[in-house]
Amino acid sequence: QVQVVESGGGLVQPGGSLRLSCAASGIIFRFYAMGWYRQAPGKQRELVARIGSGRTTNYADSVKGRFTITRDNAKNTVSLQMNSLKPEDTAVYYCRVESADFWGQGTQVTVSS
């Protein structure tokens with residue numbers, strides 16, 4: 001069966017960095033676009049970044065220039081490098097296999113001093 005597992009969340013001070021990773025199995029990974037989403041308390045889940053099978057990327061305006069999404073098809077992983085973190089980046093971050101709509105369980109990111 002399909003499994004999507006995120007890792008790398010945690011507590012970081014404003015201005016700091018974190019790197020999230022997502023490992024997907026049970027799919028032909030290289031065929032799928034992959035997305036990172038986040039959901040803050042009381043808010044709707046939103047797209048943070050997406051990378052296509054051809055490595056085309058797009059980002060939410062709120063994270064452009066600070067976050068970078070990459071993929072490693074040999075390892076079936078997608079990563080999100082988050083720099084210059086702000087308190088408003090605090091949320092549960094989810095990885096999604098786009099079009100197939102498989103989701104991970106989420107990883108908490110908290111940005112606070």
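What you see is a predicted model, and the numbers here were worked out from it, not measured in a lab.
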Got a sec, which residues hit side chain to side chain donor-acceptor pair (under 3.5 Å) with Ser99, two or more places apart in sequence or on another chain? none
Taking all heavy atoms of Val78 and all of Ile51, pick out the closest pair and write down the distance. CG2-CG2, 4.0 Å
With sequence neighbours excluded, tell me which residues meet side chain to side chain donor-acceptor pair (under 3.5 Å) with Asn76. none
Which residue pairs pass the salt bridge (charged side-chain N to carboxylate O under 4.0 Å, His left out) test with at least one member in residues 101-113, sequence neighbours excluded? Arg96-Asp101
Donor-acceptor pairs under 3.5 Å, side chain of residues 10-32 to any protein atom, not counting sequence neighbours: which ones?
unit_1, atom_1, unit_2, atom_2, d
Ser17, OG, Asn83, OD1, 2.9
Arg19, NH1, Gln81, OE1, 3.2

Shortest non-hydrogen contact from Leu47 to Asn58? CD2-ND2, 3.9 Å
Give every residue pair that meets the disulfide (SG to SG under 2.5 Å) criterion with at least one member in residues 41-84, sequence neighbours excluded. none
Does anything in residues 58-99 pair up under ring-ring contact (aromatic ring centres under 6.0 Å, His included), and if so which pairs, sequence neighbours excluded? none
Not counting sequence neighbours, which residues clear side chain to side chain donor-acceptor pair (under 3.5 Å) with Gln3? List them please. none
Taking every non-hydrogen atom, the tightest pair across Lys43 and Gln39: O-NE2, 3.1 Å
Can you sort out the partners of Asp61 under side-chain contact (heavy atoms from CB on, under 4.5 Å), two or more places apart, ordered by chain and number? Lys64
Please, which pairs that meet salt bridge (charged side-chain N to carboxylate O under 4.0 Å, His left out) have at least one residue in residues 65-76, sequence neighbours excluded? Arg66-Asp89
Taking only residues two or more places apart in sequence or in another chain, which ones pass side-chain contact (heavy atoms from CB on, under 4.5 Å) with Glu46? Arg38
In the hydrophobic cluster built from side-chain contacts under 4.5 Å, what are the other members alongside Val5? none
Name all residues meeting the side chain to side chain donor-acceptor pair (under 3.5 Å) criterion together with Arg55; count only those two or more places apart in sequence or in a different chain, and write none if there are none. none
